[in-house]
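Just so you know, these numbers use all the heavy atoms, side chains as well, and skip hydrogens, waters and symmetry mates.
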Amino acid sequence: MNSFLTQWGEAAFTAVGFFWMALWAFILGYIISSMIQIFVTEKRMQKTMGEKDGKSVLLGTFFGFISSSCSFAALASAKSLFKKGASFVGSIAFLLASTNLVIELGIIISIFLGWQFVVGEYVGGILLILICWLLIRLINPKKLIQQARENLEQEEDETIDNSTNWKKQIKKESSWAKVAKKYKMEWQMVWKDVTVGFTIAGIVAAFIPDSFFQTLFINSGSGNTDFSFFEILEHIIVGPVVAFITFIGSMGNIPLAALLFGKGVSFAGVIAFIFSDLVVFPVLRINAKYYGWKMSLFILFLLFTALIGSSLILHYGFDALNLIPDPSQTNVKNQEFFKLDYTFFLNIGFLLLSSYLVYLGFFRKKDVDFKMSEMAPKSKLLESILKYAAFICYIWLAGGLVVKFFVL
């Protein structure tokens, strides 16, 4: 019993410590994302991208890079761009870039996994896009694309007017109030995923033995970094399976990715795990609602094939350049999380900035009209499960901290 209480306390403390490490990065990322979504509107993206594949892919990648990292927001935006005339491959490029190349994800990865994984994430995101583009050109699914457009034509057009000149808007206090409201929405979209994700990471760190991961990921652990091709391939395939089981979004999954790497999972397996947020069932179901099941399964095939190819290329490319980091250096357990260092001062600074945004958007300029951008249709059941899971996590964390500091 005492052993369980000790592990409970450590799990709760580690989860809260993980979140403290990443707090400033979340705030910075979502402020930047909110600014871009208010001042660089979807209507401008649609006009700029056009239908030519090369231009559409390039601009889709760029617009995805500066957009929100929320998978559900990305799915809705990609659908809207495709419906309004962007090429299919350009819409896929936007979808992949907005979930793999966004600024806030890179910052979180740098905190938990180091610069090599940041480079891997961004280079891999570009590889995902290029492989999907190549597959689309080789397969040339004209009938599927036409059917998908016909499905979307049955929807009513959005009525949001977002054509105002951004240079004028950026000077207005009311526009920054809209940024504040969008910033609140960003947190509303991810709070459940982040809560559950960081709590699971703490539980895994404290309770799950290395032998479990050595069984799940063949030949992992014990400081081994010499994997055969088939072992790496198994890690790449199992990574998305683990992501599916713990589907909590890419931002919440990063601490767990760091734990996997620290426990000896290959570089390719961890990269595949991070890339897996678009090959899980909720995303498959949403794409089916938008485009039909045939196109949804085709998109799944595209993304999973690109995921495998990108992870293999990254692993062997990084290995050839001797850039794969040492797993023993990725130690996210037993850290002194709460100390007077740059994390403390950055967190305090960005919490103050968040407070000002809340004051501006919900008190000083609370009457500013703000129309919510479209979101993908989430599963009510899944959202309810996540919500109650998050509340259970708060109880677990509070109990664990009490045990750690007042009982033991």
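The aromatic rings of Phe391 and Tyr388 stand perpendicular to each other, their planes meeting at an angle above 60°, with 30° marking the opposite boundary. Ring pair His235/Phe217 is perpendicular by interplanar angle, where above 60° counts as perpendicular and below 30° as parallel. The aromatic rings of Phe18 and Phe198 lie perpendicular to each other, with more than 60° between the two planes, well past the 30° mark. Using cut-offs of 30° and 60° on the angle between ring planes, the pair Phe261 and Phe267 is perpendicular.
The CE atom of Met295 lies 13.0 Å from the CG atom of Leu300; values are rounded to the nearest 0.5 Å. Rounding to the nearest 0.5 angstrom, the gap separating the CG atom in Leu303 from the CG atom in Leu135 is 10.0 Å.
By the side-chain hydrogen bond (donor to acceptor under 3.5 Å, both in side chains) test, Trp187 pairs with Tyr183, sequence neighbours left out. Listed by chain and residue number, Ile66 satisfy the side chain to side chain contact (heavy atoms under 4.5 Å, CB included) test with Phe62 (two or more places apart in sequence, or in another chain). Listed by chain and residue number, Thr195 satisfy the side-chain hydrogen bond (donor to acceptor under 3.5 Å, both in side chains) test with Tyr394 (two or more places apart in sequence, or in another chain).
Looking only at side-chain heavy atoms (C-beta outward), Ile218 and Phe227 stay at 4.5 Å or farther from each other. Side-chain contact between Lys182 and Met185 is present, with heavy atoms from C-beta onward closer than 4.5 Å. No side-chain heavy atom of Cys132 sits less than 4.5 Å from a side-chain heavy atom of Val89. A heavy-atom distance below 4.5 Å is not found between the side chains of Phe112 and Phe117.
Of the listed residues (Leu144, Asn287, Ile145), just one forms a side chain to side chain contact (heavy atoms under 4.5 Å, CB included) with Phe298, and that residue is Leu144.
A cation-pi arrangement is absent between Lys79 and Tyr291, since the terminal nitrogen or guanidinium carbon is not both under 6.0 Å from the aromatic centre and inside a 45° cone about the axis.
The heavy-atom pair separating Phe65 from Leu101 by the smallest distance is CD1-O, 2.7 Å.
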